[in-house]
J.: 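There's a structure below that I have some questions on.
No experiment lies behind these values; they were computed from the predicted model shown.
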Amino acid sequence: MYLRKLSRRFLIGAPLVAAAAYVFPVCAEDAAKTPEAVVELYTSQGCGSCPPADAILKELVSEGKVVALAFHVDYWDYRGWIDTLALPENTERQNAYRVALGLNGVYTPQVIINGRVHVNGQDGQKIRRRIAEMRSTPSGLTIPVTIARTTPDRLVIDIGSGPVTTNPVRVLLAYYNRESIVAIPDGENIGRKVSYANSVRAMETVGMWDGKAQKIEIPISEIASKKSTGCAVLLQEMLGEGKPGPIIGASIMAAKQ
């Protein structure tokens with residue numbers, strides 16, 4: 001499904017605030033290995049073309065080689081079903097990518113890889129091919145990022161050093177639900193019961209990166225307010241006017257099942 005230019009533009013994350021205001025899941029235990037890429041799927045429960053893409057994202061999550069996140073958008077809600085996982089901020093982030101990548105419009109299912117290229121979310125072969133092409137190149141994740149639980153009530157984001165970029169770089173936290181099973185009684189997916197993986201529920205800025213190694217400590221105590229079961233760290237360049245740029249580092253942590 002395809003939509004022409006949207007009216008809103010998303011400035012990624014909230015204004016920079018103290019890292020202590022943001023937290024990880026209470027039951028988070030193990031950080032994933034260094035990921036090969038960041039895959040963002042823009043999807044909707046009201047899009048009949050999306051279930052195959054949702055299934056591909058779930059496969060990527062299960063394989064554990066990439067940071068895979070689902071951003072449910074709200075612009076198909078008028079078609080007979082209101083997406084229960086959609087957030088206006090997700091729609092705004094996708095539209096900001098439209099501007100950054102010079103596209104004429106946005107669509108679902110759309111995949112953005114490393115903040116650099118877009119691919120039809122139904123094309124699993126092309127998604128995997130682009131991941132492989134970008135891996136171990138300057139278009140891949142070149143800055144090491146890890147998440148570690150240091151005490152029962154504290155986690156640390158550890159970011160390595162690297163070349164200073166032309167654009168400012170934000171440290172973003174994306175909070176997500178590991179699995180959401182939704183029965184859809186109306187709209188284009190009427191009668192379907194879909195299992196959605198890693199659906200983003202909130203996204204915030206917790207720091208800036210200037211090329212130097214740094215650690216950001218996160219208390220666990222406030223995670224209940226996010227109502228999520230995992231979170232991902234994205235090291236993302238910011239283009240002019242707050243547009244999202246290349247993602248140069250990432251890590252993900254989920255609750256143990």
J.: Say you draw a straight line from NZ of K243 to CD of E237; how long is it, rounded to the nearest 0.5 Å?
T.: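 The distance works out to 13.0 Å.
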J.: For the pair K193 and V182, evaluate side chain to side chain contact (heavy atoms under 4.5 Å, CB included) and give the outcome as yes or no after the intermediate values.
T.: CA-CA 6 Å; K193 189 174 185 179; V182 180; over 6 Å; no
J.: Go through the structure and list residues passing side chain to side chain donor-acceptor pair (under 3.5 Å) with N189, not counting sequence neighbours.
T.: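 In terms of side chain to side chain donor-acceptor pair (under 3.5 Å), with neighbours along the sequence ignored, N189 is linked to R192.
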J.: Donor-acceptor pairs under 3.5 Å, side chain of residues 56-63 to any protein atom, not counting sequence neighbours: which ones?
T.:
unit_1, atom_1, unit_2, atom_2, d
K58, NZ, E179, OE2, 3.4
K58, NZ, S195, OG, 2.5
E59, OE1, R128, NH2, 3.3
E63, OE1, R128, NH1, 2.9
E63, OE2, R128, NH1, 3.2
E63, OE2, R128, NH2, 3.1

J.: With side chains defined as the heavy atoms from C-beta onward, is the minimum distance between E89 and M203 less than 4.5 Å?
T.: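 Answer no - side chains too far apart.
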J.: List, by chain and number, the other hydrophobic cluster members for I181, where Ile, Leu, Val, Met, Phe, Trp and Tyr join if side-chain heavy atoms come within less than 4.5 Å, directly or indirectly.
T.: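 Joined to I181, directly or through intermediates: none.
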J.: Do you reckon I247 sits in the same ILVMFWY cluster as L69, going by side-chain contacts under 4.5 Å, direct or chained?
T.: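 Result: yes, single cluster for both.
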J.: Looking at side-chain heavy atoms only, is the closest gap between M238 and T205 below 4.5 Å?
T.: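 The answer is no; the side chains never approach within 4.5 Å.
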J.: Given side chains that start at C-beta, do those of H72 and Y196 come closer than 4.5 Å, heavy atoms only?
T.: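 They are in side-chain contact.
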J.: Kindly give the heavy-atom pair with the smallest separation between S199 and L85, and that separation in Å.
T.: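 In terms of heavy atoms, the two residues are closest at OG-CD1, 3.5 Å.
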J.: Hey, what do you get for CD1 (I82) to CH2 (W76), rounding to the nearest 0.5 Å?
T.: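 Reported to 0.5 Å precision, the distance equals 15.5 Å.
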J.: Looking only at non-hydrogen atoms, find the nearest pair between A202 and L87 and report the distance.
T.: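 Scanning both residues, the minimum pair turns out to be N-CD1, 4.3 Å.
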J.: Would a single hydrophobic cluster contain both I147 and I248, if residues Ile, Leu, Val, Met, Phe, Trp and Tyr are joined by side-chain heavy-atom contacts under 4.5 Å?
T.: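 Cluster IDs for I248 and I147 match.
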J.: Enumerate the side chain to side chain donor-acceptor pair (under 3.5 Å) contacts for residues 35-45, please, sequence neighbours excluded, ordered by first and then second residue.
T.: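 Non-adjacent pairs meeting side chain to side chain donor-acceptor pair (under 3.5 Å): E36-R135, E40-Y42, E40-R93, E40-Y97, Y42-R93, T43-D54, Q45-W81, Q45-D83, Q45-T84.
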J.: On a heavy-atom basis, which atom in L41 and which in A53 lie closest, and how many Å separate them?
T.: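 Here L41 and A53 meet closest at CD2-O, 3.7 Å.
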J.: For residues A100 and L239, report the shortest heavy-atom separation together with the two atoms involved.
T.: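 Of all heavy-atom pairs spanning A100 and L239, the closest is CB-CD1, 4.0 Å.
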J.: Can you list everything that forms a side chain to side chain donor-acceptor pair (under 3.5 Å) with K215? Sequence neighbours excluded, please.
T.: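 If we apply the side chain to side chain donor-acceptor pair (under 3.5 Å) test to K215, skipping adjacent residues, the hits are D158.
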J.: Below 4.5 Å, heavy atoms only, C-beta onward: do I157 and L173 meet side chain to side chain?
T.: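 Yes, side chains in contact.
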J.: Give every donor-acceptor pair under 3.5 Å between a side-chain atom in residues 111-122 and any protein atom, sequence neighbours left out.
T.:
unit_1, atom_1, unit_2, atom_2, d
N114, OD1, V38, N, 2.8
N114, ND2, S139, O, 3.0
R116, NE, S139, O, 3.2
R116, NH2, P138, O, 3.3
H118, ND1, Y107, OH, 2.9
N120, OD1, Q122, N, 2.9

J.: Show your working on side chain to side chain contact (heavy atoms under 4.5 Å, CB included) between V171 and L235 and close with a plain yes or no.
T.: CA-CA 5 Å; V171 184; L235 203 61; 3.7 Å; yes
J.: Tell me, with the steps shown, if I143 and V169 meet side chain to side chain contact (heavy atoms under 4.5 Å, CB included).
T.: CA-CA 12 Å; I143 307 301; V169 178; over 6 Å; no
J.: What pair of heavy atoms forms the shortest contact from C47 to T108, and how long is it?
T.: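 C47 and T108 have their closest heavy atoms at SG-OG1, 3.3 Å.
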J.: Indicate yes or no: at least one non-hydrogen side-chain atom of K227 is less than 4.5 angstrom from one of R201.
T.: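 Of all side-chain heavy-atom pairs linking R201 with K227, none is under 4.5 Å.
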J.: Taking the side chain as every heavy atom from C-beta outward, state whether E241 and V99 have any atom pair closer than 4.5 Å.
T.: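 Side-chain contact under 4.5 Å: no.
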J.: Donor-acceptor check, side chain of Q214 to backbone of M208, threshold 3.5 angstrom: yes or no?
T.: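 It does hold such a pair.
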J.: Has the side chain of N177 got a donor or acceptor atom that lies under 3.5 Å from a matching backbone atom of S180?
T.: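 It does not hold such a pair.
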J.: Same cluster or not: V164 versus L141, using hydrophobic residues (I, L, V, M, F, W, Y) connected whenever any side-chain heavy atoms lie under 4.5 Å apart?
T.: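 No; tracing contacts between hydrophobic side chains, which count when under 4.5 Å, never links both residues.
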J.: For the OG1 atom of T165 and the CG atom of D210, what is their distance to the nearest 0.5 Å?
T.: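 Going from the OG1 atom of T165 to the CG atom of D210 covers 9.5 Å.
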J.: So which atom in S228 and which in Y176 form the shortest heavy-atom distance, rounded to 0.1 Å?
T.: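 Closest approach of S228 to Y176: CB-O, 3.3 Å.
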J.: Could you tell me whether the side chain of V194 reaches within less than 4.5 Å of the side chain of I184, counting heavy atoms only?
T.: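 Heavy-atom side-chain distance check passes, below 4.5 Å.
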